[in-house]
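The structure appears right after this line, and notes come after that.
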Amino acid sequence: MTDTPNIVHIVDDDEAIRQSIGFMLRKAGHVVKTYTSGTEFLGVVDRETRGCILLDVRMPGIDGLEVQDRLSSQGIGLPVIMLTGHGDVTLAVRAIKAGALEFLEKPFERAALLAAIDEAFKHAARDQRDHVASADAVVRLAALTPRERDVLDGMVLGRPNKLIAFDLGIATRTVEVHRANLMDKVHARSLSEVLRIAFAAGLGEAA
């Protein structure tokens, strides 16, 4: 993970902007890829794409907000920094509500851009860690029997063993055995650790 370069995707129809920002970011040690339109970028980006996006709001054809919407609908969670030459508060609000991390007005200061990009990569790293934790939790829970899953569901709801036993129509002692077994299977040493694994796998989200 530490050997993966920080890739910045610049999507802007203004060639001068692409060149100046690209030069600045390469000097700062980033790998830069540039795109002349939202259409060009959407044609190559997918769920395996890494990095962050500097996305111009106002572009011919598909504008930045539409690009952002399409990325979201395709399940592509790359962090987005919106760029605009227009002081449009309405666009800023829409972009942030849609998940943009930052909204920078042109011309922006070098320090502000680099700080926003640094935060974007920190955000991407957190997302990656969460994804790995979620996948690991799902694998761990797959080892449980249906009855152990039932007991775990009760634990996620905060029910004591007696209530879980009543709900399932089994003895409290049987619940205790299932609870001990499931904790062993998911390699958890405490209730809080079991719950963290369960929540990472998505259990209890509808509650």
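The structure presented is a predicted model; accordingly, all values stated were derived computationally and were not measured.
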Write out all pairs satisfying side-chain hydrogen bond (donor to acceptor under 3.5 Å, both in side chains) with one or both partners inside residues 16-27, taking only residues at least two apart or from two chains. E15-Q19
How about CZ on R110, more than 12 heavy atoms from neighbouring residues, nucleotides or ligands closer than 6.0 Å, or not? no
Determine whether Q68 and I53 satisfy the following criterion, side-chain contact (heavy atoms from CB on, under 4.5 Å), listing intermediate values before the conclusion. CA-CA 10 Å; Q68 192 179 14; I53 309 169; over 6 Å; no
Pair R140 + E148: basic N to acidic O under 4.0 Å: no
In the structure I gave you, are the side-chain heavy atoms of K185 and T145 within less than 4.5 Å of one another anywhere? yes
Linked, directly or transitively: V175 and V156 (ILVMFWY side chains, under 4.5 Å): yes
Should we count NZ of K33 as having more than 12 external heavy atoms under 6.0 Å? no
Under 4.5 Å between side-chain heavy atoms, counting indirect links through other Ile/Leu/Val/Met/Phe/Trp/Tyr residues: same cluster for V138 and L152 or not? no
State which residues pass salt bridge (charged side-chain N to carboxylate O under 4.0 Å, His left out) with E40; sequence neighbours excluded, sorted by chain then number. none
D46 side chain to T49 side chain, donor-acceptor N/O pair below 3.5 angstrom: yes
Name all residues meeting the side-chain contact (heavy atoms from CB on, under 4.5 Å) criterion together with L104; count only those two or more places apart in sequence or in a different chain, and write none if there are none. I81, L83, E102, F108, L113, A116
With rounding to the nearest 0.5 angstrom, report the CD to OG1 distance, E66 to T39. 9.5 Å
Minimum heavy-atom separation for L141 to A198, with atom names? CD1-CA, 4.3 Å
Which atoms form the tightest heavy-atom contact between G64 and L55, and what is the distance? O-CD2, 3.3 Å
Closest heavy-atom contact between G154 and I164? C-CD1, 3.7 Å
Applying the 4.5 Å side-chain criterion to the ILVMFWY set and letting contacts propagate, would V151 and V177 be lumped into a single cluster? no
Pairwise distance CD(Q74) to CG(L42) - rounded to 0.5 angstrom: 6.5 Å
Tell me, which pairs form a salt bridge (charged side-chain N to carboxylate O under 4.0 Å, His left out) where one or both residues lie in residues 162-174, sequence neighbours left out? R159-D167, R173-E176
What do the steps show when you test V194 against L182 for side-chain contact (heavy atoms from CB on, under 4.5 Å), and what is the final call? CA-CA 9 Å; V194 169; L182 74 87; 4.1 Å; yes
For A200, does its backbone N or O pair with a side-chain atom of S134 as donor and acceptor, under 3.5 Å? yes
Measure the spacing between CZ of R58 and NZ of K106 and express it to the nearest 0.5 Å. 11.0 Å
Heavy-atom closest contact (I117 atom, C52 atom, distance): CG2-SG, 4.3 Å
To the nearest 0.5 Å, atom OG1 of T172 lies from atom CG of L163 at 9.0 Å
Can you list every pair that meets side-chain hydrogen bond (donor to acceptor under 3.5 Å, both in side chains) and has a residue in residues 191-201, with sequence neighbours left out? S190-S192
Check whether any side-chain heavy atom of V67 sits under 4.5 Å from a side-chain heavy atom of L71, and report yes or no. yes
To the nearest 0.5 Å, atom CG of L195 lies from atom CG of L203 at 10.0 Å
Looking only at heavy atoms, which two atoms of D56 and T84 are closest? And how far apart? OD1-CA, 4.1 Å
Grouping I, L, V, M, F, W and Y whenever their side-chain heavy atoms are under 4.5 Å apart, do L54 and L101 come out in a common cluster? no
Under the ring-ring contact (aromatic ring centres under 6.0 Å, His included) definition, can you give me all pairs with a residue in residues 6-38, not counting sequence neighbours? H9-Y35, H9-F41, H30-F121, Y35-F41
Answer yes or no: is there a side-chain heavy-atom contact under 4.5 Å between R147 and L168? yes
For the student: nearest non-hydrogen atoms of M82 and A95, plus distance: CG-CB, 3.7 Å
Dump the intermediate steps for side-chain contact (heavy atoms from CB on, under 4.5 Å) on R179 and L191, then the final yes or no. CA-CA 10 Å; R179 180 167 168 162; L191 173 60; 3.9 Å; yes
